[in-house]
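Note that this is a predicted model, so its numbers are computed, not measured. All chains are named by letter (A, B, ...) in the order of the sequence lines, taking the proteins before the strands, and each is independently numbered beginning at 1.
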There are 2 protein chains.
Amino acid sequence: MQIVLDPVVEAPCCVLGTVDLDQAEAERIAPMFKALGDPVRLRLAALIAAGGRVCVCELTGNFDLSGPTISHHLKTLREAGLVDCERTGTWVYYWIRPESLQLLAGLLQVTGPVG
Amino acid sequence: MQIVLDPVVEAPCCVLGTVDLDQAEAERIAPMFKALGDPVRLRLAALIAAGGRVCVCELTGNFDLSGPTISHHLKTLREAGLVDCERTGTWVYYWIRPESLQLLAGLLQVTGPVG
DNA sequence: CGCCTGATTCGAAATGTGTCAAGATAGGCG
DNA sequence: CGCCTATCTTGACACATTTCGAATCAGGCG
């Protein structure tokens, strides 16, 4: 006699439940989510993603925040590995690192039925 | 004469760059990323996802943390909408809310070529 | 009811984060 | 070189977060 378990309850519903996420791995990945966990940085990432390659001066106007604050958030995104930047003359341009987004998207991917 | 733009540079590389992420929307979504932005909570989410429906008492032993601290992190995950829970007798069981993971995964999905 | 176990809430301490003003740095231009 | 603009760093402050122990709540059981 074979017992068939209810897949909704018993199986991992998503990739996150199938990876071996030990403490070291969690400490490596969590900062990426953390960087996206601030509304300002999430919008910054979206603006950069939308523009492809965006000058800081194009970003600042979208927020009621000082330049240093925007700069600080961009640094956080960069140190998390989500964006990269390059100076060109007077301006600094930022772009998304798609491989980082892909890593996170892969973890969150849902494999089972969504309730 | 038609000018053809380089799609790698000019097009959004991911869904995040195609959605209209205004401040209100960012403030709604960012807490979900924030909740996953702590190594303990990320591992908790992974353990819950792996188990399908997991008792708190099965989670605590995986960490060098007190019960109240685990409880606090679980509350954070729940308030972010990433998990839900239910009391059954003495025990409380947690499970993933796949629709929330799917929302985040969709945002991070990469549509263009990955450098 | 009274006690035990599992889980959460409360209160407090240490640490981290978001923000700004002021100052420093980098590069273009005269 | 000296000045201007764009960006980043520093220093400071208010607020949030992580963590614990102690107390509390919820439910089973004698």
Side-chain angles (χ1 to χ4, degrees), chain A residues 23-24 26-48 51 53-95, chain B residues 21 23-24 26-48 51 53-96:
Chain A
Q23 186 167 347
E27 285 173 358
R28 189 176 70 85
I29 295 173
M32 300 190 194
F33 284 122
K34 189 174 187 176
L36 294 174
D38 178 276
V40 174
R41 287 193 296 266
L42 186 56
R43 286 182 62 208
L44 280 170
L47 288 167
I48 294 170
R53 181 179 166 87
V54 184
C55 175
V56 174
C57 59
E58 296 176 76
L59 295 169
T60 320
N62 291 279
F63 301 87
D64 285 336
L65 293 171
S66 68
T69 297
I70 297 296
S71 193
H72 160 72
H73 284 304
L74 288 171
K75 184 180 182 181
T76 302
L77 286 170
R78 187 162 45 80
E79 288 178 346
L82 296 175
V83 304
D84 206 349
C85 67
E86 185 186 42
R87 172 162 230 129
T88 301
T90 309
W91 301 280
V92 176
Y93 290 89
Y94 280 77
W95 61 89
Chain B
L21 202 63
Q23 187 167 346
E27 284 173 0
R28 190 176 69 86
I29 295 172
M32 300 191 192
F33 283 122
K34 188 175 187 175
L36 295 174
D38 178 275
V40 174
R41 287 193 295 266
L42 186 56
R43 286 182 62 208
L44 279 171
L47 288 168
I48 294 170
R53 181 179 167 88
V54 184
C55 174
V56 174
C57 59
E58 296 176 76
L59 295 169
T60 320
N62 292 280
F63 302 87
D64 286 334
L65 292 171
S66 69
T69 298
I70 298 296
S71 194
H72 159 72
H73 284 302
L74 288 172
K75 184 180 183 182
T76 301
L77 285 171
R78 188 162 45 80
E79 288 178 344
L82 296 175
V83 304
D84 205 349
C85 68
E86 183 186 43
R87 173 161 229 128
T88 301
T90 310
W91 302 280
V92 176
Y93 291 88
Y94 280 77
W95 61 88
I96 291 284

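- The distance from atom CG of A/Leu74 to atom C1' of D/dA6 is 13 Å, rounded to the nearest whole Å.
- Rounded to whole angstrom, the span from the CZ atom of B/Arg87 across to the C1' atom of C/dG6 amounts to 7 Å.
- The side chain of B/His73 approaches D/dT19 more closely than any other nucleotide in the set C/dA22, D/dT19, D/dA6.
- A distance of 6.0 Å separates CZ of A/Arg43 from CG of A/Asn62, quoted to the nearest 0.5 Å.
- Counting non-hydrogen atoms under 4.0 angstrom, B/Arg41 reaches the backbone sugars and phosphates but no base.
- We find that CD of B/Glu79 is positioned 13 Å from C1' of D/dT17, with the value rounded to whole Å.
- Heavy-atom distances to DNA chain C give each of B/Val92 and A/Thr76 a nearest nucleotide, and the one nearer the 5′ end belongs to B/Val92.
- If you take CG on B/Leu21 and CD on B/Glu27, they are separated by 10.5 Å, rounding to the nearest 0.5 Å.
- Distance, A/Glu58 CD to D/dT7 C1': 14 Å, rounded to whole Å.
- B/Trp95 CH2 to B/Cys85 SG: the interatomic distance, rounded to the nearest 0.5 Å, is 6.5 Å.
- Rounded to whole Å, atom C1' of D/dA6 lies 16 Å from atom CD of A/Glu86.
- For the pair B/Leu65 CG and D/dC20 C1', the computed distance is 10 Å after rounding to whole Å.
- Taking 4.5 Å as the limit, every side-chain heavy atom of B/Asp64 sits out of range of all side-chain heavy atoms of A/Gln23.
- Across the protein-nucleic acid pair, A/Asp38 atom CG and D/dT17 atom C1' stand 14 Å apart, rounded to whole Å.
- When each of A/Ile70 and B/His72 is assigned the nucleotide of DNA chain C bearing its nearest heavy atom, the one mapping closer to the 5' terminus is B/His72.
- One interatomic measurement links the two molecules: CD of B/Glu27 to P of D/dA16, which rounds to 14 Å at whole-angstrom precision.
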